[in-house]
K.L.:
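Below is a structure I'd like to ask you about.
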Amino acid sequence: MTNQKQKAFQFVDDHRDEMVSLWQEVVMMEGGPHEKEGINKVADRFKKILDDEGAISRTVDFEKAGSTLIAELGENNSKPGVIFLGHMDTAIAAGATAERPFTIKDGKAYGPGVLDMKGGIVAALYAIKALKSIGYNARPIKVLLAGDEEVLHANSNTPDVLMKEATGYGAAFNVETGFVDDGIVVGRKGVARVMMEVKGVAAHAGNDPENGRSAILEIAHKIIDVQGLTDWEKGITFNVGVMQGGTTSTAVPEHAKIFIDVRYKNPDDLSYFMNQLEGVGNKTYIEGTSTTVTYMDGMKPMKTTDGVKQLFEVVKEAYEENGFGSPYAKLVGGASDSAYSVLAGVPTVCAMGVKGGRNHSPEEYAIVDSLYERAKLLIACVLKLDKI
Ligand SMILES: [Zn+2]
């Protein structure tokens with residue numbers, strides 16, 4: 001097998017230039033939030049590459065969101081398959097590629113989505129090509145690439161699609177943004193965005209303030225209540241990040257609303273804290289006001305299951321054996337689609353993509369050498385699965 005692994009590694013090294021040019025090509029396609037057309041162009045490009053490797057592929061399309069690409073390779077179903085997971089959309093608004101085209105300087109690549117997460121997908125595709133080149137057929141391989149992760153799948157049922165497609169698989173590698181300190185993500189908090197809206201009674205602040213019912217005063221009390229719900233022990237935090245209300249200082253405000261960001265560790269806690277927020281909503285401080293609580297969108301947490309821990313050990317071994325450094329198991333607050341493969345019962349590790357920093361900012365960069373290293377790491381991990 002070592003020989004096979006070396007051959008696959010050699011394949012990666014022989015295709016370094018091709019990998020970088022594909023990276024450049026897909027970064028330049030853009031595809032930020034709400035750019036369905038650009039995202040779907042990226043999906044078509046990846047689909048073609050996988051089809052050329054003999055994949056059976058299809059897209060799940062949505063009216064107001066980027067498509068999900070699903071591709072399956074390999075006919076040997078004797079063992080549970082391997083999933084490469086990721087997303088094709090970026091968090092960067094339209095027009096960014098004109099301002100900041102893909103460039104390489106001092107061993108770092110720059111451009112919108114270069115790190116988050118087009119580099120990781122290129123690494124995964126070349127890991128697959130390399131595995132195919134050595135005749136790998138021990139397990140089926142599935143590629144699952146979402147097209148609307150950065151908008152939390154607000155206009156699609158992508159999480160359901162991912163869970164359905166992942167069910168029954170043996171391991172998933174999410175080629176999300178890799179960390180320069182070699183942290184491999186084994187757990188992520190979930191996020192929920194909730195709106196609380198108060199309707200009061202408008203009145204002239206000078207002529208009849210006594211007939212007004214201030215929506216702002218009501219929500220002021222509720223902001224304090226919401227912030228007070230934070231439970232460090234349970235790992236649930238509340239952040240009132242946006243407040244809006246009123247029209248002019250001369251009127252008792254009729255409307256006020258807040259947007260709350262909730263982070264949580266346990267997928268089952270969603271209904272628990274929504275009930276708590278409903279409780280705050282139902283309590284009235286200023287008589288004559290009414291409050292509604294609306295779940296806007298969100299992503300479930302990635303739970304650190306025993307399967308996740310076991311898969312991390314496989315990654316750690318592969319990492320160390322091949323001289324890539326020494327990784328550690330990392331827990332982060334930001335959500336990803338790894339939540340859904342884990343919910344489907346599939347051991348998953350996240351942040352397996354190219355390494356870099358400054359995600360979601362104009363300074364976003366990725367280390368070019370990590371493109372090849374991560375492709376090799378993925379190869380080594382997949383080959384190692386057959387030992388366990
Ligand atoms: Zn991402």
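Indexing begins at 1, ligand by ligand and atom by atom, following the structure's order.
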K.L.:
Please name all residues satisfying ring-ring contact (aromatic ring centres under 6.0 Å, His included) with Tyr285, sequence neighbours left out, ordered by chain then number.
P.N.:
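Only His221 meet the ring-ring contact (aromatic ring centres under 6.0 Å, His included) criterion with Tyr285.
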K.L.:
With side chain to side chain donor-acceptor pair (under 3.5 Å) as the rule and sequence neighbours excluded, what pairs involving residues 230-248 come up?
P.N.:
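Sorted pair list: Thr248-Thr250.
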K.L.:
Which heavy atom of Ala96 sits nearest a heavy atom of Glu30, and at what distance?
P.N.:
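Of all heavy-atom pairs spanning Ala96 and Glu30, the closest is N-OE2, 2.8 Å.
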K.L.:
Pull up every protein N/O/S atom sitting under 2.8 Å from the Zn ion (ligand 1), skipping waters.
P.N.:
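You should have found His87 NE2, Asp116 OD1, Glu176 OE1, Glu176 OE2.
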K.L.:
How are the rings of Tyr126 and Phe11 set to each other: parallel, tilted or perpendicular (split at 30° and 60°)?
P.N.:
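Answer is tilted, since the angle falls between 30° and 60°.
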K.L.:
What's in the same ILVMFWY side-chain cluster as Leu152, cut-off under 4.5 Å, chained through other members?
P.N.:
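Joined to Leu152, directly or through intermediates: Val60, Phe62, Ile70, Ile83, Leu85, Leu144, Val161, Leu162, Met163, Tyr169, Val191, Met299, Tyr340, Leu343, Val346.
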K.L.:
Could you tell me how the ring of Tyr365 sits relative to the ring of Tyr110: parallel (under 30°), tilted (30 to 60°) or perpendicular (over 60°)?
P.N.:
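The rings of Tyr365 and Tyr110 sit tilted, inter-plane angle from 30° to 60°.
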